[in-house]
Amino acid sequence: MKSGLLLIFASALVVSAATLAAAAPDVPPAASLTLNAHDQYILRYVIYFSVLLGGALGGLIYSLSRHRGFIVPHWVSQAAETQDYPAGQDTDGSVRPARRGAAQAQQAFTKLDLGTLADCVVGIGGGIIIFNLVPQAGDSDLFMSLLNQPASLGTAVSTVMKILALALIGGFAGISLFDEAAKRISRQLEDTQAELHLNRDKIQVLQNNDQQESDIQFLLSPLVDPSLQPLTDTQNESFHAHVLQAPLNIRNKVFNRLQKAHDSHLITGGDTGPLADVEIETRMTLQQGLLAGFDALIAAAKQQTGFGGEDDAFLHRYLAHRGFIHLQLGAGTERLGGLAGKPSQHWREAEESLTLAIDLRDRSAADRQMFWHYSLKRMLARFKLGITDLIEAEINQPEVMQWLKKSRGTVHPILKSLPDDFFTYLRGLFPALFEGEEATPLQRIQRAGAL
């Protein structure tokens with residue numbers, strides 16, 4: 001409290017001095033005389049000496065006010081702390097008396113009491129410290145702003161008086177300013193230490209994430225690269241566990257890599273062309289492997305929501321791509337004549353996954369517009385399952401009619417990826433959607449060889 005009041009008083013003193021200087025009448029020409037380089041050099045050392053002198057005077061005034069006089073340095077004899085030896089107890093239970101003279105065992109020493117001189121030394125320190133505690137002036141501290149003022153005879157005297165006054169106040173405060181400076185340094189050290197611990201924790205988290213991402217990418221490679229050996233059951237479980245623990249940014253990287261692998265190994269679509277049975281089997285194997293990746297992402301997203309975290313905005317995309325994979329697997333199974341299983345199993349899985357994805361997508365109006373093709377893909381799955389009544393009911397919904405407002409360059413590539421039988425069915429049901437572009441013979445051949 002004492003040091004704070006002194007700092008406020010010091011600031012008020014500087015402001016008052018500046019105000020008086022501004023309100024003073026024009027000085028005589030001699031007072032406004034500009035100092036040359038040599039005079040400025042001397043002035044700088046006069047200012048330094050003013051800090052020492054003001055601090056010493058402040059310490060002297062403090063000592064005189066405390067002791068009501070000047071204390072000269074002198075030697076003082078002082079006794080050490082008394083060390084008592086209390087009575088003890090022997091092993092047989094009898095009381096053992098204390099050693100004779102033990103209670104009076106003392107040791108005296110002599111020290112030099114500097115008296116008022118010590119207060120002056122402390123005052124010099126306080127005079128220096130106060131310039132680091134008073135409010136700053138602009139971008140520089142107060143001492144530097146006073147030191148770098150334009151050097152004329154009038155401003156030189158004013159600057160010396162201001163610095164002398166502040167140093168005197170700092171010298172009078174003495175110990176209080178030392179305590180305040182120590183507290184400020186202690187707070188800075190605590191803040192630095194807290195920031196160091198925080199940065200250390202961040203670095204540790206980044207290192208853990210890097211290691212985790214490295215492990216996931218290593219286990220992910222066999223899923224997206226058909227030339228590599230498939231994952232074993234143990235590796236698959238490890239991959240699933242790593243994805244469950246991975247943060248959202250790493251899961252997004254996994255999704256992007258799975259999505260790219262899915263899009264580059266399609267069994268249907270305008271860019272696939274005629275595929276040999278061997279190639280279809282290879283692509284089906286890879287698509288089947290991708291399911292493990294999307295299932296892990298779906299489990300991680302649901303776990304995050306179940307633990308009270310924020311919803312994973314990519315969850316509907318994970319579910320949708322799971323449905324897309326089953327569409328590809330159903331198409332491959334159909335083209336292989338059912339040798340790889342029943343296509344209806346994949347159509348059903350696709351319809352269920354896409355329905356879940358659409359329910360999540362429709363929670364956001366922006367997502368409903370951006371990921372409109374989920375509904376079109378679900379229509380394909382329902383068509384293959386023979387559920388045409390739901391398609392006909394959905395085709396007249398307002399949100400499906402919004403497809404007509406989309407760019408033809410956005411809609412037609414999706415339509416070109418449809419199998420020929422569903423393409424013909426949808427065109428008869430919703431002809432306005434196909435206006436603006438006719439299928440070329442090559443596209444019709446590609447669709448005939450698809451799904």
Side-chain angles (χ1 to χ4, degrees), residues 216-237 239-240 254-297 318 320-354 373 376-378 380-381 383-386 413-425 439-451:
I216 290 176
Q217 295 293 352
F218 173 76
L219 295 171
L220 184 62
S221 296
L223 300 182
V224 300
D225 189 349
S227 65
L228 298 178
Q229 189 73 18
L231 293 178
T232 63
D233 293 341
T234 303
Q235 290 176 324
N236 200 5
E237 292 176 0
F239 171 75
H240 195 278
V254 173
F255 169 75
N256 291 333
R257 194 172 176 189
L258 291 172
Q259 182 187 39
K260 184 177 180 180
H262 165 71
D263 294 342
S264 59
H265 294 85
L266 295 175
I267 300 172
T268 67
D271 297 332
T272 59
L275 297 176
D277 289 351
V278 175
E279 179 63 21
I280 293 176
E281 291 176 355
T282 300
R283 296 195 177 197
M284 286 183 64
T285 300
L286 183 133
Q287 295 284 353
Q288 185 71 42
L290 295 179
L291 281 176
F294 284 111
D295 286 342
L297 290 175
Y318 304 155
H321 277 76
R322 187 178 186 278
F324 298 163
I325 290 176
H326 279 292
L327 289 177
Q328 297 298 315
L329 293 174
T333 304
E334 190 175 66
R335 289 179 62 175
L336 293 176
L339 298 178
K342 294 182 179 179
S344 60
Q345 295 176 347
H346 295 295
W347 306 136
R348 191 174 295 106
E349 290 283 351
E351 197 274 340
E352 292 176 357
S353 294
L354 287 166
H373 59 287
L376 184 61
K377 295 290 188 179
R378 184 175 65 175
L380 169 58
F383 173 79
K384 290 295 186 178
L385 291 170
I414 303 295
L415 297 177
K416 291 175 183 178
S417 67
L418 301 176
D420 192 61
D421 52 354
F422 180 64
F423 183 92
T424 303
Y425 167 78
T440 64
L442 177 58
Q443 292 169 349
R444 292 187 62 84
I445 291 174
Q446 290 174 340
R447 283 200 299 272
L451 287 179

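In this text, all values refer to a predicted model and were calculated from it rather than measured experimentally.
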*Going through the checks in order, is the side-chain hydrogen bond (donor to acceptor under 3.5 Å, both in side chains) test met by Arg257 and Ser221?*
CA-CA 9 Å; Arg257 194 172 176 189; Ser221 296; 3.2 Å; yes

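- Scanning all heavy atoms of the two residues, the minimum distance from Leu266 to Leu275 falls at O-CD1, 4.1 Å.
- For Leu354 against Phe324, the heavy-atom pair with the smallest separation is CD2-CE2, 3.6 Å.
- Atom CD1 of Ile325 and atom CG of Leu329 lie 7.0 Å apart (nearest 0.5 Å).
- A donor-acceptor pair is defined here as one N or O able to donate and one able to accept, closer than 3.5 Å; no such pair exists between the side chain of Arg378 and the backbone of Glu351.
- Closest approach of Gln259 and Phe294 over heavy atoms only: N-CZ, 4.2 Å.
- Shown here are the side chain to side chain donor-acceptor pair (under 3.5 Å) partners of Arg348, two or more places apart in sequence or in another chain: there are none.
- Residues Arg322 and Leu290 fail the side-chain proximity criterion, which asks for heavy atoms closer than 4.5 Å.
- How far CG of Leu258 is from OH of Tyr318: 9.5 Å, rounded to the nearest 0.5 Å.
- Checking side-chain atoms of Ser353 against main-chain N and O of Ala350 turns up no donor-acceptor pair under 3.5 Å.
- Salt bridge annotation for Asp277-Arg335: absent, with no cationic side-chain nitrogen under 4.0 angstrom from a carboxylate oxygen.
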*Show the numbers, then the answer: is there a side chain to side chain contact (heavy atoms under 4.5 Å, CB included) between Asp295 and His240?*
CA-CA 8 Å; Asp295 286 342; His240 195 278; 5.5 Å; no

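- With Gln287 as the partner, the side chain to side chain donor-acceptor pair (under 3.5 Å) test is satisfied by one option alone out of His265, His262, His346: His262.
- One finds the CG atom of Leu286 at 10.5 Å from the CD atom of Gln288 (value rounded to the nearest 0.5 Å).
- Atom CD of residue Glu334 and atom CD1 of residue Ile280 lie 11.0 Å apart, to the nearest 0.5 angstrom.
- Of all non-hydrogen atoms in Leu380 and Phe422, the two that sit nearest each other are N-CZ, 3.7 Å.
- Between Glu349 and Gln345 the shortest side-chain heavy-atom distance does not fall below 4.5 Å.
- Listed for the Gln328 side chain is a donor-acceptor partner under 3.5 Å among the backbone atoms of Ile267.
- Summarising the geometry of Ala296 relative to Phe239, their closest heavy-atom pair is CB-CE2, 4.1 Å, with the distance given to 0.1 Å.
- With sequence neighbours excluded, no residue satisfies side chain to side chain donor-acceptor pair (under 3.5 Å) with Asp263.
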